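Here the structure is a predicted model, which is why all the values come from computation and not from measurement.
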Amino acid sequence: MTEAAPSPTSKPATASSRGRPAGATRKGLETRVRIIKGAREALEEGGMEALTTRRIAASAGVKLATLHYYFDSKESLLLAVLEDLIADMEIAYRQDVALPKEPEDRVEALIRASWRYIQRTRDKQIAQTELTLYALRTKGSEWLAARQYNAYIDFYGHLVFEDDTDEELRRIGRAVARQMLIGIDGIILQSYALQDLSASNDDIEALIIAMRGYFRRLMAEHGKAS
C-alpha cells in the first residue's frame, strides 16, 4: 500500500533532529511509525548497507517523497530508530522482572535482565553495534554515537536510582551504568563470536560481582562526603 506525499504547503517550517513531526492526524503518526519500523527491519536484517531509502519506503508501504517528508536526513531517521529500540528495551526489561527495592540488588537484576534480552535479540544487538560504528565513521554524524550511549547510560542509571532528584546519586547511577555497558558490550560481541553460552554466563556472573563491589565503593565514598 502506498500513499501520496503531503503537499508542500502542509510541511512544517523547520525539521528537528528527530525528523519532521507527524502532525495532529492519526494517519500522520501511523505513517511515521511505519517508516521507523521499516528502517528497523532493514537495519536488523541487512545492516547499514541495506538501509536504503528505497528499501525502507518499500517496507513501510510509502512513497519516497513521503519518507523524505518525515525524515529529511539519514541521521534523523537513525535517531528515531535508536529511540524506538531503547523504548522497546525498557518495556522488555520492566516486563521481565520487578526491580528490587535496594539499588545494589537492582544493579544485579538489571544485568540479568539485560543478558536475557540480549540472548533473544541477536539481530537487534548487532544492528545497534553497526549504528554506533556508522556514526563514528561518518563525518558529521559522531553526535549520533554520543546520543546513543548517553541514552543507554541514562536508561540504566535511572533504573538504578528511580528517584534521581539527588544530583550525587544521579552521578553514581550514571557511573555504574557506564561500567555496566562496558562489560555488557564486551560480553555481547564475545558471546556472538565464540558461541560459548557457558563461558558467557560465567562472564555475566563475574560482571555482577564486579558491579556490586563498584557500587558499594561509590556509595561508601558518598557516605563519607555527606
Side-chain angles (χ1 to χ4, degrees), residues 5-6 8 11-23 28-29 31-92 114 117-118 121-158 174-175 177-193:
K11 288 187 179 181
T14 60
S16 71
S17 62
R18 294 189 176 114
R20 299 184 187 276
L29 179 60
T31 299
R32 191 174 190 277
V33 168
R34 286 208 314 275
I35 293 170
I36 294 170
K37 182 175 182 291
R40 276 187 56 172
E41 288 175 351
L43 182 60
E44 291 177 21
E45 292 172 7
M48 293 301 301
E49 290 182 1
L51 201 64
T52 65
T53 55
R54 290 188 181 279
R55 177 165 178 172
I56 295 166
S59 179
V62 300
K63 292 183 178 179
L64 277 174
T66 304
L67 187 153
H68 290 305
Y69 172 78
Y70 286 101
F71 297 98
D72 60 358
S73 71
K74 190 171 188 176
E75 283 68 27
S76 66
L77 177 53
L78 289 175
L79 179 55
V81 168
L82 170 63
E83 291 173 340
D84 198 52
L85 287 168
I86 292 172
D88 278 0
M89 184 169 65
E90 180 164 11
I91 292 170
S114 176
Y117 181 72
I118 288 163
T121 56
R122 182 181 186 277
D123 290 346
K124 188 176 295 183
Q125 302 305 319
I126 294 174
Q128 289 181 83
T129 300
E130 291 185 323
L131 178 59
T132 306
L133 295 176
Y134 165 82
L136 293 175
R137 286 174 174 164
T138 306
K139 187 175 178 58
S141 297
E142 297 88 350
W143 64 270
L144 183 59
R147 183 72 170 267
Q148 181 183 16
Y149 267 83
N150 274 319
Y152 295 152
I153 291 166
D154 286 341
F155 171 75
Y156 283 110
H158 176 68
R174 286 179 60 84
R178 288 197 306 272
Q179 298 304 313
M180 285 172 59
L181 281 169
I182 290 171
I184 289 169
D185 280 355
I187 292 171
I188 287 173
L189 294 178
Q190 182 172 271
S191 172
Y192 293 160

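To the nearest 0.5 Å, the span separating CZ on Arg122 from CD1 on Ile188 amounts to 11.5 Å. Expressed to the nearest 0.5 Å, how far CG of Leu78 lies from CG of Asp84 amounts to 12.5 Å. Rounded to the nearest 0.5 angstrom, Ile118 CD1 and Thr121 OG1 are separated by 7.0 Å. One finds the CD1 atom of Ile86 at 4.0 Å from the CG atom of Leu82 (value rounded to the nearest 0.5 Å). The line from CD of Gln179 to CD1 of Ile153 is 10.0 Å long, rounded to the nearest 0.5 Å. Here OG1 of Thr53 is found 11.0 Å from CD1 of Ile35. Values are rounded to the nearest 0.5 Å.
Counting heavy atoms from C-beta on, the side chains of Ile36 and Tyr70 never come closer than 4.5 Å. Under the 4.5 Å side-chain criterion, counting only non-hydrogen atoms from C-beta, Arg32 is not in contact with Val62. Side-chain contact between Ile187 and Gln190 is absent, with no heavy atoms from C-beta onward closer than 4.5 Å. Contact check for Phe155 versus Leu181: no side-chain heavy atoms found under the 4.5 Å cut-off. Side-chain contact between Met48 and Leu51: present, with at least one pair of heavy atoms (C-beta onward) separated by less than 4.5 Å. Put simply, the side chain of Ile184 does not reach to within 4.5 Å of the side chain of Gln125, judged on heavy atoms.
Across Gly157 and Ala177, no two heavy atoms sit closer than the pair N-CB, 3.6 Å. Smallest separation of non-hydrogen atoms from Ala42 and Ile56: CB-CG1, 4.5 Å. Closest approach of Gly38 and Ser59 over heavy atoms only: CA-OG, 3.5 Å.
A centroid separation of less than 6.0 Å is found between the aromatic rings of Tyr149 and Tyr152.
Partners of Glu44 under the side-chain contact (heavy atoms from CB on, under 4.5 Å) rule, at least two apart in sequence or in another chain, are Arg40, Leu85, Asp123, Lys124, Ala127.
Side chain of Glu83 to backbone of Val81: no donor-acceptor contact under 3.5 angstrom is found. The backbone N or O of Leu144 lies less than 3.5 Å from no partner atom in the side chain of Ser141, so there is not a single donor-acceptor pair.
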Let me have the donor-acceptor pairs involving side chains of residues 131-139, under 3.5 Å, with sequence neighbours excluded, atom names and distances please.
residue	atom	partner	partner atom	Å
Thr132	OG1	Gln128	O	3.1
Thr132	OG1	Gln148	OE1	2.6
Thr132	OG1	Gln148	NE2	3.0
Tyr134	OH	Glu75	OE2	2.8
Thr138	OG1	Tyr134	O	2.7

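Every pair passing salt bridge (Lys or Arg N to Asp or Glu O under 4.0 Å) that includes a residue from residues 46-55 is listed here, sequence neighbours excluded: Glu45-Arg55.
Tyr156 and Ser114 share a side-chain donor-acceptor pair at under 3.5 Å.
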